[in-house]
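So the structure is just underneath, and the comments pick up after that.
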Amino acid sequence: MNYHKFAKIYSYSRISRYLKAAKGNKKKAQAMYYANARLARSFQPIISFFEVILRNHLHYALANHFGDVQWLINQKTGFMSAPSLTHTNKKTGEIIVNDFLKKEIERAEKILTDKGRNITAGRIIAELNFGFWNSLYETHHYALLSGVPCTIFNGLPAGVGRKKINQKIQLIRKMRNRISHNEPLCFKDKSFDMTYVNDMYIVICDFMSWINPNILIELSKENLDKVKSEILATEAILKR
């Protein structure tokens with residue numbers, strides 16, 4: 001496609017950083033833009049599987065912990081409403097309540113009610129966003145759950161605990177949001193660079209292997225993990 005038509009379709013401001021990174025080579029700038037899009041597409045399946053696997057394993061572990069498959073519903077008046085989640089701001093005297101988890105369950109229940117569907121744990125799980133599960137690794141919630149969220153891992157390396165796990169989940173959430181908003185993944189400062197995608201691929205792979213090392217093997221067998229091949233293809237463009 002003619003560069004000016006291309007830039008007009010995707011906006012000159014969006015394409016300008018690719019053109020600068022390509023040192024004015026318009027053909028290469030287009031190739032880099034499409035390569036970035038293909039890389040984003042290649043990450044979508046493994047991020048999607050990551051989220052499903054994380055929430056399911058947390059659900060299994062906490063259902064076992066509470067001895068209640070419906071814990072998501074019943075714990076609205078349990079740990080999600082614990083007194084320790086309420087504190088008073090020393091400067092303002094304002095009472096602050098950390099009721100995020102409870103509100104997320106109530107939001108999911110309202111969605112189901114509005115659809116005329118029965119409220120079940122399985123349906124609530126499907127409606128909850130990534131932030132709910134991530135919050136189970138925040139300090140207060142994690143303590144209230146007696147550290148159960150970390151029991152979903154079968155092979156945590158030495159030195160890796162709640163804090164690092166929480167940080168990695170936040171990194172993956174941020175990447176998922178960047179992909180959803182069509183933001184560039186392949187830049188470091190003003191240069192087209194593969195550091196971020198390489199690092200994030202390692203983060204995601206490490207995380208899933210800590211839960212179960214067979215997950216990545218199965219994804220590769222089913223041809224659902226194409227990140228490495230897209231990284232290599234993009235690196236080849238940079239060498240032109």
Side-chain angles (χ1 to χ4, degrees), residues 41 43-82 85 97-156 162 165-166 168-177 179-180 203-225:
R41 180 184 63 186
F43 269 98
Q44 286 176 329
I46 64 170
I47 290 177
S48 176
F49 280 111
F50 164 82
E51 185 172 357
V52 169
I53 290 164
L54 175 65
R55 76 186 191 193
N56 285 346
H57 278 72
L58 284 170
H59 171 60
Y60 302 148
L62 289 167
N64 182 64
H65 173 68
F66 291 112
D68 180 12
V69 176
Q70 303 292 336
W71 70 273
L72 283 164
I73 299 167
N74 297 327
Q75 286 299 316
K76 293 199 302 293
T77 55
F79 85 93
M80 296 181 198
S81 297
L85 294 175
V97 182
N98 181 355
D99 56 357
F100 172 74
L101 295 181
K102 181 181 176 181
K103 284 186 174 179
E104 283 299 293
I105 298 295
E106 291 172 344
R107 181 189 63 80
E109 289 176 332
K110 185 178 184 305
I111 290 171
L112 293 171
T113 299
D114 290 346
K115 290 178 180 178
R117 306 187 74 180
N118 293 330
I119 294 173
T120 64
R123 285 173 177 164
I124 287 175
I125 289 171
E127 295 294 342
L128 290 172
N129 59 37
F130 206 160
F132 177 90
W133 305 103
N134 192 172
S135 289
L136 299 181
Y137 290 95
E138 295 293 343
T139 307
H140 278 110
H141 297 141
Y142 187 80
L144 289 166
L145 294 170
S146 305
V148 171
C150 273
T151 65
I152 70 170
F153 302 98
N154 293 314
L156 279 181
R162 180 207 65 81
I165 289 168
N166 191 37
K168 288 182 183 295
I169 295 173
Q170 289 176 351
L171 287 172
I172 297 168
R173 281 181 67 195
K174 186 176 180 180
M175 183 182 211
R176 187 194 67 163
N177 292 338
I179 290 171
S180 297
V203 167
I204 296 168
C205 288
D206 282 350
F207 200 104
M208 290 201 287
S209 68
W210 294 342
I211 295 174
N212 187 328
N214 292 321
I215 293 170
L216 293 169
I217 295 171
E218 289 301 315
L219 291 180
S220 295
K221 281 183 181 178
E222 296 298 328
N223 202 28
L224 289 166
D225 180 3

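Everything numeric here is computed off the predicted structure, so don't read it as measured data.
- Heavy-atom minimum distance, Phe79 versus Leu85: O-CD1, 3.4 Å.
- Ser48 contributes no side-chain N or O that, together with a main-chain N or O of Gln44, makes up a donor-acceptor pair within less than 3.5 Å.
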Audit row: Glu218, Lys221, salt bridge (charged side-chain N to carboxylate O under 4.0 Å, His left out) steps and yes/no: CA-CA 5 Å; Glu218 289 301 315; Lys221 281 183 181 178; 3.7 Å; yes
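- Side-chain atoms of Phe49 and Asp225, non-hydrogen and from C-beta on, never get closer than 4.5 Å to each other.
- No side-chain heavy atom of Tyr137 sits less than 4.5 Å from a side-chain heavy atom of Leu145.
- Side-chain contact, Asn154 with Asn212: no donor N or O sits under 3.5 Å from an acceptor N or O.
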Quick one: do Glu51 and Arg173 satisfy salt bridge (charged side-chain N to carboxylate O under 4.0 Å, His left out)? Show the steps, please. CA-CA 9 Å; Glu51 185 172 357; Arg173 281 181 67 195; over 6 Å; no
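- One finds the CD1 atom of Ile204 at 10.0 Å from the CG atom of Leu216 (value rounded to the nearest 0.5 Å).
- Here the closest heavy-atom approach between residue Ser209 and residue Asp206 is recorded as OG-O, 2.8 Å.
- From Arg176, atom CZ reaches atom CD1 of Ile169 across 12.0 Å, with rounding to the nearest 0.5 Å.
- Scored by the side-chain hydrogen bond (donor to acceptor under 3.5 Å, both in side chains) test, Arg107 finds Glu104 as partners (sequence neighbours excluded).
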Under the criterion salt bridge (charged side-chain N to carboxylate O under 4.0 Å, His left out), I'd like the reasoning laid out for Arg162 against Glu138: C-alpha separation, chi angles, the key distance, then a yes or no. CA-CA 8 Å; Arg162 180 207 65 81; Glu138 295 293 343; 5.1 Å; no
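- In this structure, the side chains of Asn134 and Gln170 come closer than 4.5 Å at one or more pairs of heavy atoms.
- Remark: Glu127 engages Lys115 in a salt bridge, criterion side-chain N to carboxylate O under 4.0 Å.
- To the nearest 0.5 angstrom, Ile211 atom CD1 is 7.5 Å from Leu58 atom CG.
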side-chain contact (heavy atoms from CB on, under 4.5 Å), that's the test. Do Ile73 and Glu109 meet it? Break it down for me. CA-CA 9 Å; Ile73 299 167; Glu109 289 176 332; 4.0 Å; yes
Please evaluate residues Ser81 and Lys76 with respect to the criterion side-chain contact (heavy atoms from CB on, under 4.5 Å), reporting the C-alpha separation (whole Å), side-chain torsions for both, the decisive distance (0.1 Å), and the verdict. CA-CA 6 Å; Ser81 297; Lys76 293 199 302 293; 5.5 Å; no
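- Once rounded to the nearest 0.5 Å, the distance linking CG of Leu144 with CE of Met80 reads 10.5 Å.
- Taking both residues in full, the closest heavy atoms of Asn118 and Arg123 are given as O-NH1, 3.1 Å, listed atom of the first, atom of the second, then distance.
- Summarising the geometry of Leu128 relative to Ala108, their closest heavy-atom pair is CD2-CB, 4.2 Å, with the distance given to 0.1 Å.
- Sequence neighbours left out, the pairs with a member in residues 52-67 that pass side chain to side chain donor-acceptor pair (under 3.5 Å) are His59-Trp71.
- Closest of all the heavy-atom pairs between Pro45 and Leu224 is CB-O, 3.6 Å.
- Distance check, rounded to the nearest 0.5 Å: CE of Met208 to CD1 of Ile47 gives 9.5 Å.
- Residues Cys150 and Ile165 share a closest heavy-atom pair of SG-CD1, 3.6 Å.
- Taking Phe132 as the reference, nothing meets the ring-ring contact (aromatic ring centres under 6.0 Å, His included) condition, with sequence neighbours excluded.
- Note that the NZ atom of Lys110 and the OG1 atom of Thr113 stand 8.5 Å from one another [nearest 0.5 Å].
- No side-chain heavy atom of Thr139 sits less than 4.5 Å from a side-chain heavy atom of Asn166.
- Exactly one residue among Val69, Val148, Ile152 makes a side-chain contact (heavy atoms from CB on, under 4.5 Å) with Leu62. That residue is Val148.
- Here the two rings, on Phe130 and Phe50, have centers that are under 6.0 Å apart.
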Do Ser135 and Leu101 pass the side-chain contact (heavy atoms from CB on, under 4.5 Å) test, and can you show the C-alpha distance, the side-chain angles, and the key distance before you say yes or no? CA-CA 8 Å; Ser135 289; Leu101 295 181; 3.8 Å; yes
